[in-house]
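The next block holds one structure in the form of structure tokens; read it before the comments.
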Amino acid sequence: MKIVIMGCGRVGAELTLELAKAGHEVSIVDKRKEAFDRLPPGFDARTFVGVGFDRETLEEAGIKEADAFIAVSSGDNSNILSARVAREYYHVAHVIARIYDPRRAEIYERLNIPTVASVKWTAKQIMLMLFHSRDEMRESLGGGDLFQMRVEIPSHLVGHPVSSLSSEGKVLVVGVDRGGKGFIPAPSSTFQEGDVAHVVVHRDALDMLDDLLTPLAQE
């Protein structure tokens, strides 16, 4: 992927390193040239001095060809403004903005811009949004705390209640695709071979969902 990052703070620098290691083409923009000192010596990164909502700077950084734009500067207003420019003017497919104020996150979610509202897990969640190993990740909800996912039902859950893939307050099956048609499961519904479940999962319960989808080891 071709990715443009706005903000070379701790998160922006870490993302640049991780994405580059994974083989992606990364450009990073910051209004302060010295911010790029966070990148390790000898690291070959495309760096651009400027503000992330300036179209000339963005175009120099390759926004027209970008597959993703990530705004992780220290300012909420700058992040959301640059994210809106990337989404609405350049029509970048994947746009993610970090928002320090969680009260704003829900508002910006309505603009169809996934937001990350916690510094502690910003880098991890952005990587998850972009490159989760499964292809069922669909979108984030609730300011980034919830994910809507599409999950193919494994054989060990066939014949079991739909509720076996749920955990109160953590994981919820909201719909099932079966034979080209969909339905909202009832308490008595069971999975059949070939089913695809639409699941809402809390970000803290992704490992729990993986466990539910993994068959128990045979003794």
Side-chain angles (χ1 to χ4, degrees), residues 1-20 22-39 43-119 121-132 137-148 203:
M1 294 179 71
K2 295 181 178 181
I3 301 167
V4 177
I5 296 175
M6 194 271 279
C8 193
R10 286 172 295 180
V11 173
E14 179 68 17
L15 278 171
T16 299
L17 291 171
E18 292 299 321
L19 291 168
H24 304 284
E25 183 179 325
V26 183
S27 300
I28 186 162
V29 177
D30 200 288
K31 62 184 179 182
R32 298 179 304 109
K33 184 178 180 179
E34 58 269 24
F36 303 127
D37 292 341
R38 291 185 181 275
L39 300 172
F43 179 75
D44 187 18
R46 300 179 69 233
T47 59
F48 300 86
V49 178
V51 293
F53 47 83
D54 178 74
R55 293 179 184 176
E56 183 176 346
T57 301
L58 288 174
E59 290 180 12
E60 288 179 0
I63 194 69
K64 288 184 176 180
E65 297 81 32
D67 301 297
F69 177 82
I70 303 167
V72 287
S73 78
S74 59
D76 282 5
N77 292 332
S78 295
N79 286 343
I80 202 62
L81 180 56
S82 60
R84 291 193 67 177
V85 170
R87 169 75 77 190
E88 299 170 10
Y89 188 82
Y90 293 104
H91 307 290
V92 178
H94 299 282
V95 177
I96 301 169
R98 177 171 68 176
I99 303 298
Y100 281 95
D101 184 353
R103 295 172 297 180
R104 296 184 179 185
E106 184 176 352
I107 297 173
Y108 296 136
E109 286 279 346
R110 297 171 188 168
L111 299 174
N112 199 29
I113 298 174
T115 57
V116 178
S118 172
V119 174
W121 48 272
T122 295
K124 180 178 179 181
Q125 182 161 328
I126 289 174
M127 294 292 289
L128 180 65
M129 289 179 179
L130 287 176
F131 304 114
H132 196 269
M137 188 70 71
R138 287 296 178 253
E139 61 180 323
S140 64
L141 309 166
D145 283 335
L146 305 176
F147 292 102
Q148 180 180 326
R203 63 180 177 84

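Note that the structure is a prediction, hence the values are computed from the model and not measured.
Here I70 contributes atom CD1 and R98 contributes atom CZ; the two are 11.5 Å apart, rounded to the nearest 0.5 Å. From L39, atom CG reaches atom OG1 of T47 across 7.5 Å, with rounding to the nearest 0.5 Å. Rounding to the nearest 0.5 angstrom, the gap separating the CZ atom in R46 from the NZ atom in K2 is 8.5 Å.
Remark: the backbone N or O of C8 is paired with a side-chain donor or acceptor of D30 at under 3.5 angstrom. Remark: side-chain polar atoms of H24 are not paired, donor with acceptor, to backbone N or O of L19 under 3.5 angstrom.
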Validation: residues 49-56 side-chain donor-acceptor distances under 3.5 Å, sequence neighbours left out:
unit_1: D54; atom_1: OD2; unit_2: E56; atom_2: N; d: 3.4
unit_1: D54; atom_1: OD2; unit_2: T57; atom_2: N; d: 2.9
unit_1: D54; atom_1: OD2; unit_2: T57; atom_2: OG1; d: 2.9
unit_1: R55; atom_1: NH1; unit_2: Y89; atom_2: OH; d: 3.4

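For S73, the side chain to side chain contact (heavy atoms under 4.5 Å, CB included) partners are M6, S78, N79, not counting sequence neighbours. Residues passing the side chain to side chain contact (heavy atoms under 4.5 Å, CB included) test with A61, sequence neighbours excluded: V4, S27, V29, F48. Legend: residues meeting side chain to side chain contact (heavy atoms under 4.5 Å, CB included) with A20, ordered by chain and number and at least two apart, are F43. Under the side chain to side chain contact (heavy atoms under 4.5 Å, CB included) criterion, V92 pairs with I63, F69, A86, Y90, V95, not counting sequence neighbours. By the salt bridge (charged side-chain N to carboxylate O under 4.0 Å, His left out) test, E59 pairs with K64, sequence neighbours left out.
A heavy-atom distance below 4.5 Å is found between the side chains of V26 and I5. In this structure, R38 and R10 have side chains that are in contact, with non-hydrogen atoms separated by less than 4.5 Å.
Taking each heavy atom of A93 and R87 in turn, the nearest pair found is O-NH1, 3.3 Å.
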